[in-house]
Amino acid sequence: MINNPYTYARISLKNLQHNLGVIRRTLRQGTRVMAVVKSDAYGHGLVPVSKTLEQGGIDGFGVAFVDEGIVLRQAGITAPIYILSGFQRGEEALLIDNSLTPLVYSTAQIELLNRAVGTRNLSPALHLKIDTGMGRLGFVYDDIGTLGKALRGMKRLNITGVATHLSAPRDSRPFTTIQIQRFQAVRQFLETALSKKLIAHAANTDTFFHYPGAVFDMVRSGISLYGYGQKDLKPVLSVFSRLISVKTLKKGYSISYGRTYRLKKNTTVGVIPVGYADGYLRSLSNKAFVGINGKKVYSIGRVTMNHIMIDMHNVPARVGDEVLIMGQDDSQRIGADTVATLGSTISYELLCSMGTRLKRIYE
Ligand SMILES: *Cc1c(COP(=O)(O)O)cnc(C)c1O
């Protein structure tokens, strides 16, 4: 892929460390923090982010797939790596050889792991994933028969943890409480059956900031590490571009495809080389704003593949001047959460879509 030459993502590893500090101070001492670095660390870069966090003393990493875990091991990461989406047939040896810890959600996976161990003197670690109401991956919380069968199949395997995922920590306190209660019950059942303590984890960012009762032994922290979810956190990823055209157009002139915007008076119109090919969503058309010299400047007309247009009536600027598209500079903050809301999505999607497409510069 050839990157956009004029627009880039600046990644502040200092802010990443700062955010880890904020998260640690929020949690009871001794609570483990798993850094969720799936999807190229939400577009921030899997390896540089993970190395910084390992230096900062992180307790583990969470990725979606086995391949991501292997990349981390090859980069020299030694902390536990949890595979949140489990694994599929054929990946057992990779898990074992790279000391990756899958979140297991079926008895079939347990059989596969047992078979892969074979006669080797190994006892690979795994966590059991419990579905307490997400309706996605996990042993269903009240299916004790299947859970019991899973445990009996655990001959050579080392179950070290138990996990669940909450579906509505932001939207429904009553349902979150129900999920937490279901999880408590399963955790107790498993710990009694196994006669040992397990690392229990249920909380993502929204959960651990708002439900201390759902923190258990470890949290899975994604978006908060990248700067969103609480006011003391700082954006890690900021997108910068520069003006490539400035001209004055007459009152009534229409801007961009579909002629959805007409100038209300003679206006200086700037062009910025960022568009939906860079992950700057088309749904931001006629809604978003950018920052130039500390001023808020509105985009006008539709977002196109490589460009947006802006109304520069309130800011004198020239071709070549820097533009803050998202994130933070010395004078302004345009949070990914704010931009995402304007585009009818969430910060996660915007960070992933822009971060993975743009050239990244680390500082
Ligand atoms: C992505 C993910 C997380 C991280 O959630 P944030 O809201 O970004 O903190 C935690 N747990 C699971 C299972 C996930 O898939």
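Whatever order the structure lists ligands and atoms in, that order sets their numbers, starting from 1. Heads up: numbering here begins at 1 and tracks the sequence.
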Point to revise | Per-atom contacts, ligand 1 versus Tyr42 - under 4.0 Å to a heavy atom | key: 1 (C), 4 (C), 5 (O), 6 (P), 8 (O)
**Study point:** Short side-chain donor-acceptor distance under 3.5 Å, Thr164 and Thr132
**Key:** yes
For [atom], what is the closest protein heavy atom, and at what distance to 0.1 Å?
| atom | value |
| --- | --- |
| atom 9 (O) of ligand 1 | Thr205 OG1, 2.6 Å |
| atom 12 (C) of ligand 1 | His165 CE1, 3.4 Å |
| atom 7 (O) of ligand 1 | Tyr348 OH, 2.6 Å |

Check your understanding: Applying a 4.0 Å heavy-atom criterion (strictly less than), which segment of Arg136 is in contact with ligand 1: side chain, backbone, both, or neither?
Key -> side chain
Please tabulate, for the side chains in residues 112-124, all donor-acceptor contacts under 3.5 angstrom to protein atoms that are two or more places apart in sequence or on a different chain.
from	atom 1	to	atom 2	distance (Å)
Asn114	ND2	Ile110	O	3.4
Asn114	ND2	Gly153	O	2.4
Ser123	OG	Arg156	O	3.4

Would you check whether [X] has a nitrogen or oxygen atom less than 3.5 angstrom from a nitrogen or oxygen atom of ligand 1?
| X | value |
| --- | --- |
| Ile223 | yes |
| Asn204 | yes |
| Gly222 | yes |

Does [Y] offer a backbone N or O that forms a donor-acceptor pair with the side chain of [X] under 3.5 Å?
| X | Y | value |
| --- | --- | --- |
| Arg220 | His201 | yes |
| Asp311 | Ile300 | no |
| Glu363 | Arg10 | no |

Review point. Looking only at non-hydrogen atoms, which of Arg220, His201, Arg170, Lys38 approaches atom 14 (C) of ligand 1 most closely?
Key: Lys38
**Study point:** Distance under 6.0 Å and angle within 45° of ring axis: Arg357 vs Tyr280
**Key:** no
Using a 3.5 Å cut-off and no angle test, enumerate the donor-acceptor pairs between side-chain atoms of residues 74-88 and protein atoms at least two apart in sequence or in another chain.
from	atom 1	to	atom 2	distance (Å)
Ser85	OG	Ala64	O	3.2
Gln88	NE2	Tyr105	OH	3.0

